[in-house]
Amino acid sequence: MDAIYRITDLTKSYPLPGGGLLKKNRKVFRAVDKVSLEINSGDTFGIVGESGSGKTTLARLLLRLIEPTDGNVYYKGRDVFRLNRSELKKTRKEIQMIFQDPYSSLDPRKSIFNIIAEPLKVHKTGSLSDIHTRIVETLELVDLPTSDDFLSKTPGEISGGQRQRIGIARALVLKPEFVVADEPVSMLDASIKAGIIELMTQLKKKINLTYVFITHELALAYHFCNRIAVMYLGEVVETGNIDDVIQSPAHPYTRLLLDSIPPTEPDPDWLDKRFGKSDFSRNAEGCKFFVRCPNPKDSCLHFRPSLSEIKRGHMVACQLG
Amino acid sequence: MSLLSIENLKTHYYTDSGVVKALGGVDLILEKGESVGIAGESGCGKSTLALSLIRLIKNGEIIHGKIRLEGQSLLELPEKEFNRIRWNRISMISQAAMGGLNPVFTIGTQIVEGILQHRKMKKRAAMALARELLRKVEIDPDMVKNYPHQLSGGMKQRAMIAMALALEPDVVIADEPTTALDVVIQAQIIKMLRKLQKEMNLSVLFISHDLSILAQACDRIMIMYGGKCMESGDTATLFKNPQHPYTRALINAFPDLKSRRDKLTGLPGNTPDMTNPPTGCCFHPRCALVKDRCISEQPVRQEINGDHVVYCHFAKPLSEEN
Amino acid sequence: MRSELRKIDRFWRVYKKRKSAVAGLIILTVLVTIIVFAPVFSPYDPDAKDAIPFTPPGSEHLLGTNDIGVDILSEMIYAGRVSLIVGITAAGIVVFIGSLIGLFAGFLGGWVDEILMRITDIVIILPRFPLMIVMAAYLGPGVWTIIFAYSIVGWPSLTRQIRSQILSVKEASFIEASRATGAGNIRIMFTHVLPNIQGIIIANGVMEIMFAILTEAGLSFLGLGDPTQKSWGVMLYFAQIQGAFLRGAWWWIFPPGICIALISCSFNYIGTALNDLFGLKLGK
């Protein structure tokens, strides 16, 4: 399989407040810290992490919604950050995004029709009647009504689940090859959530999509993805095939995450598990997970591990793994 | 006599688009030392139930029903007397806990203030109590000197829990206490809450949209939908033998880590519009097993076995099944 | 279309709860109707000088006549046209300049914002009224002079408001969603940002009309208006120089004064209500 996306040493840092008048000694916060990944065509690639792990920043970098501090992102062999304006616009036709918040990601003043039509208008694809046909096709794809009455509604007049389907329709209307879904179901109720995930699974089969699925729910990634990367404080600490990572997690952080997920049925043993310390301070020099690690070695304090392969395709950044 | 009993509670909100019938007659009993979970999706009335218990309904009112705390009827009490019950005997850990702390006072000051409002004691003693409480919720007692912004989200939530427990209340309502937190912190807090509940023999009403959390943290669970109880029973039974189609759907909607299911099954449709709730069984528009009777007739309380209760026309009591 | 109607209906239901806003709307409707259909409502030709000068109000001339025998009521109704047109035009120009500068500064940020906001700061600290007097005196009296002078100094406060609104709209994720589809800055600014602050712009525009009418009246009263195009301000100017005060011709002074006050109040009430209502709706 060929890599549709290749990410090398990608870093995005933000200056922290302080550092004196001239801001010379300003410290920086690395939201994404030297991330290297490959995403293959046809993957459903999960990026899993808690808040502050940098997973959303990474997603925005993939689409060049923000500029990186360092590193490269190659889409089909071309560096996304070196594309000129018209090349970037052309590329954006192929890579689309589904946003987290079904409320604020749709312009409240636009009708459903205009929201889904926008990508088509931006890329000037055909006449108004062509646009109408495409929109109806896309709405059918995401199981939404196609009546004129529905098309003239505004986001405020439909339910949360329907809004997120509109968000998906907007991402699919240009027939992209690659879709980044940033926590697409985290704000939805459980019964609605499962329906959206099921829809995304079907869409993948129907129209050959490659997904990047950003989530904080490891269990959801387990059901939806074929490969995942677990992020901790801006770094990828473990990546591999979903079954390898979930069934034989090699990084202590992955294990902690897995242990922390409450089982879906009563399990008296779960509360006896250790969920680690609540300390979140950083360890500047060595392993970032050192302070929370259940059994760290002395060398972890000074040595920052990089990803290394422990099994074909299964990589982990831990000295102990 | 039960510690807390709720009978046929109905609460309505008044909005521009009409009357929202948020609670349509809920019964619930909470015994001493018991943790009861209220599960349901947004708009099912679970938070309204919590707010009704402490009589903090805004833009609406409790129109019907009884709430009794150790036999004493709470809804008839004048506001001034109820103030003595709030916090003191029924306290609440809320969804919006992070905003519940005042940024200009230290954690210690805020806990002490809360204690002194209800108890006559020396400030020194109250501060000692505050330190003791922080130890109970597993944070450094010296944090009494810290301001809220110096605490992480998880620590703030722990501090809020400490405040809720300060007066040793009879009932603690935990309304989505871990929703905004990361999964590891969530697990830590649930573990701590469960431990405290057992140690202090607390009675907890645990409200959450996440059934798997309730599965771990509660002795009994009530499943709510459309402002009504759909099914309730002890946690193990409910998961082993769910009777209501909604309960089953909800259980199936959560992905688990044990086995990789091919399909996650969602429910078609949306949660009901409570200004105009569905006729008959309020779940009927989304139910896969819907029959004519469900549309016309409201299901009545049906005992399956002991305190396992279901509100569905087609649930089978244990005796009929065999 | 139906959703538009529903929106208007919902808006009206909230609007009608405010007594002052409804009162403002009624006063404004009455005044505007009279002014627009001036030939219907005015009893005499506003230019006919055939009545007896300084006639007090009576059955023949409801509001009396002025120094050259013109019926005050008729003159006042026609003068309202000038006041209103000057007010709306000046407010329109101010809203146009102010929103555009605010939009570019707020949305583009960076050095564009830096430059535009420094210019705004400079204009905002200029003493408005004296500057307008100087400008009007220099360019010669006239309606366009007043509109021009008002437009030059009137936009900065609106710009600042618009800019701060844009800073919050800019953060909404539908803006990022639009960018992700490939849309450029100009498209996003005019199809997403501007429509989402149109309520604030309308509310401020209504308030600007009030300020413009008051300013016009003030400048005209000082003799900087066009004597051939009588506005309420110009009427007061003539009343003052032709000795209406000395002769106790109150009927020449009060009517235009009351008109200015009424129309300003009504615009003010409506603008305040709109500001509150649109302000609430922003976001969700």
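Source: prediction; values computed, not measured. Proteins come first, then strands; the chains are lettered A, B, ... in the order of their sequence lines, and each starts at number 1.
For A:Ala219 against B:Pro255, the heavy-atom pair with the smallest separation is CB-O, 3.6 Å. Among all heavy-atom pairs drawn from A:Lys273 and B:Lys191, the shortest one is O-NZ, 2.6 Å. When all heavy atoms are compared, the tightest approach of B:Ala187 to A:Ser260 is CB-O, 3.6 Å. Scanning both residues, B:Ile190 and A:Trp270, for their nearest heavy atoms gives CG2-CZ3, 4.3 Å. The minimum heavy-atom distance between B:Val183 and A:Glu50, with the atom names listed, is N-OE2, 3.9 Å.
Not a single donor-acceptor pair under 3.5 Å links the side chain of B:Lys195 to the backbone N or O of A:Leu271.
Contact count versus chain B (heavy atoms, under 4.5 Å) is highest, among A:Pro262, A:Gly161, A:Ser159, for A:Pro262. Put simply, of A:Ile261, A:Leu257, A:Leu199, the one with the most heavy-atom pairs under 4.5 Å next to chain B is A:Ile261. Among the candidates A:Pro268, A:Ser191, A:Ala190, the residue making the largest number of heavy-atom pairs closer than 4.5 Å to chain B is A:Ser191.
Scored by the salt bridge (Lys or Arg N to Asp or Glu O under 4.0 Å) test, A:Asp244 finds A:Lys311 as partners (sequence neighbours excluded). Shown here are the side chain to side chain contact (heavy atoms under 4.5 Å, CB included) partners of A:Leu258, two or more places apart in sequence or in another chain: A:Leu218, A:Ile246, A:Pro249, A:Thr254, B:Leu257. With sequence neighbours left out, A:Thr57 forms a side-chain hydrogen bond (donor to acceptor under 3.5 Å, both in side chains) with no residue at all.
Expressed to the nearest 0.5 Å, how far CD1 of A:Ile192 lies from OG of B:Ser42 amounts to 8.0 Å. The CG atom of B:Asn252 lies 9.5 Å from the OG1 atom of A:Thr264; values are rounded to the nearest 0.5 Å. Between atom CD of residue A:Glu265 and atom CG of residue B:Leu211 there is a gap of 11.0 Å, rounded to the nearest 0.5 Å. Distance check, rounded to the nearest 0.5 Å: CZ of A:Phe275 to CD1 of B:Ile185 gives 11.5 Å.
Interface remark: B:Leu238 contributes no atoms to any contact with chain A (heavy atom separation under 4.5 Å). For A:Ile197, the part sitting under 4.5 Å from any heavy atom of chain B is the side chain, from C-beta outward, and nothing else. If you measure heavy-atom distances from A:Asp143 to chain B, you find no contacts under 4.5 Å at all.
Heavy atoms of other residues, nucleotides or ligands lying less than 6.0 angstrom from CG of A:Asp243 number more than 12. More than 12 heavy atoms of other residues, nucleotides or ligands shown are found within 6.0 angstrom of NZ on A:Lys206.
Using a 4.5 Å heavy-atom cut-off against chain A, the contacting residues of residues 212-221 of chain B are B:Ser212, B:Ile213, B:Ala215, B:Gln216.
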